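The block underneath contains the structure these notes are about, expressed in structure tokens.
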Amino acid sequence: MNTEQSFHKGKFKLETIPHEMRMSHWIYAPVLIDTESHTKVLDLIGNIWDLRSATESTDSITLMLARYPDGGKEYEVRLYPTKGEACINGKPTKISSVVESLDAIV
């Protein structure tokens, strides 16, 4: 897996931080960073969410996440970082509430 990706012409950087959940089972937690302000837009380090893929469109960054230990189902998290908004499986929320919203899925 690519551990660092750039989006929106380098304005945002997505890092994946691996951590071991259980013997030899690794989770790749995503961290989205605004490269201009050096602030974390989204930080899932130490959580149960594993990044499967990341893509961008003109105004959004879409993360496909799987929940540990049930890696069979993926969740779409579409981030609109310049607006501070997000959608989880089509349900709108604020980026600041993404972690809590994902935790509520569990």
Side-chain angles (χ1 to χ4, degrees):
M1 170 171 283
N2 194 359
T3 58
E4 191 173 299
Q5 301 175 59
S6 292
F7 295 100
H8 296 179
K9 298 180 182 175
K11 177 158 175 41
F12 298 98
K13 177 174 66 172
L14 182 69
E15 295 180 350
T16 51
I17 312 299
H19 63 276
E20 192 171 20
M21 292 298 287
R22 205 171 46 177
M23 291 176 33
S24 299
H25 188 91
W26 291 84
I27 297 293
Y28 293 87
V31 178
L32 185 66
I33 300 166
D34 182 323
T35 59
E36 293 174 358
S37 66
H38 303 287
T39 58
K40 293 179 181 177
V41 177
L42 177 69
D43 184 353
L44 292 176
I45 293 175
N47 213 307
I48 60 171
W49 296 98
D50 185 31
L51 180 67
R52 296 295 174 89
S53 67
T55 57
E56 70 179 313
S57 68
T58 305
D59 63 346
S60 68
I61 299 168
T62 301
L63 309 178
M64 295 303 294
L65 303 172
R67 186 185 76 166
Y68 174 83
D70 180 25
K73 181 173 168 129
E74 291 186 352
Y75 297 85
E76 180 187 78
V77 178
R78 186 172 303 249
L79 305 168
Y80 300 90
T82 59
K83 298 177 184 177
E85 299 173 358
C87 288
I88 300 174
N89 288 343
K91 184 179 175 186
T93 189
K94 295 193 178 297
I95 285 182
S96 60
S97 301
V98 168
V99 175
E100 292 82 13
S101 297
L102 285 170
D103 287 344
I105 291 173
V106 178

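All values reported here derive from a predicted model rather than from experimental measurement.
The salt bridge (charged side-chain N to carboxylate O under 4.0 Å, His left out) search around Glu56 returns none, not counting sequence neighbours. Evaluation of the ring-ring contact (aromatic ring centres under 6.0 Å, His included) rule for Phe12 yields His8 as partners, not counting sequence neighbours. Applying the salt bridge (charged side-chain N to carboxylate O under 4.0 Å, His left out) criterion to Glu15, with sequence neighbours excluded, gives Lys13. By the side-chain contact (heavy atoms from CB on, under 4.5 Å) test, Ser6 is found to be paired with no residue, residues two or more places apart in sequence or in another chain being considered. When the salt bridge (charged side-chain N to carboxylate O under 4.0 Å, His left out) test is applied to Glu100, no partner is found at least two apart in sequence or on another chain. Residues forming a side-chain contact (heavy atoms from CB on, under 4.5 Å) with Pro18 (at least two apart in sequence, or on another chain): Trp26, Tyr28. Residues passing the salt bridge (charged side-chain N to carboxylate O under 4.0 Å, His left out) test with Lys94, sequence neighbours excluded: none. For Ser96, there are no side chain to side chain donor-acceptor pair (under 3.5 Å) partners two or more places apart in sequence or in a different chain. His25 pairs by the ring-ring contact (aromatic ring centres under 6.0 Å, His included) definition with Tyr68, not counting sequence neighbours.
For the ring-ring contact (aromatic ring centres under 6.0 Å, His included) condition, the pairs that include at least one residue of residues 75-104, sequence neighbours left out, are Trp49-Tyr75. For residues 26-45, every residue pair satisfying the salt bridge (Lys or Arg N to Asp or Glu O under 4.0 Å) rule, not counting sequence neighbours, is listed here: Lys11-Asp34, Lys11-Glu36, Lys40-Asp43.
Other members of the cluster containing Met23 do not exist, because no ILVMFWY side chain is joined to it at under 4.5 Å.
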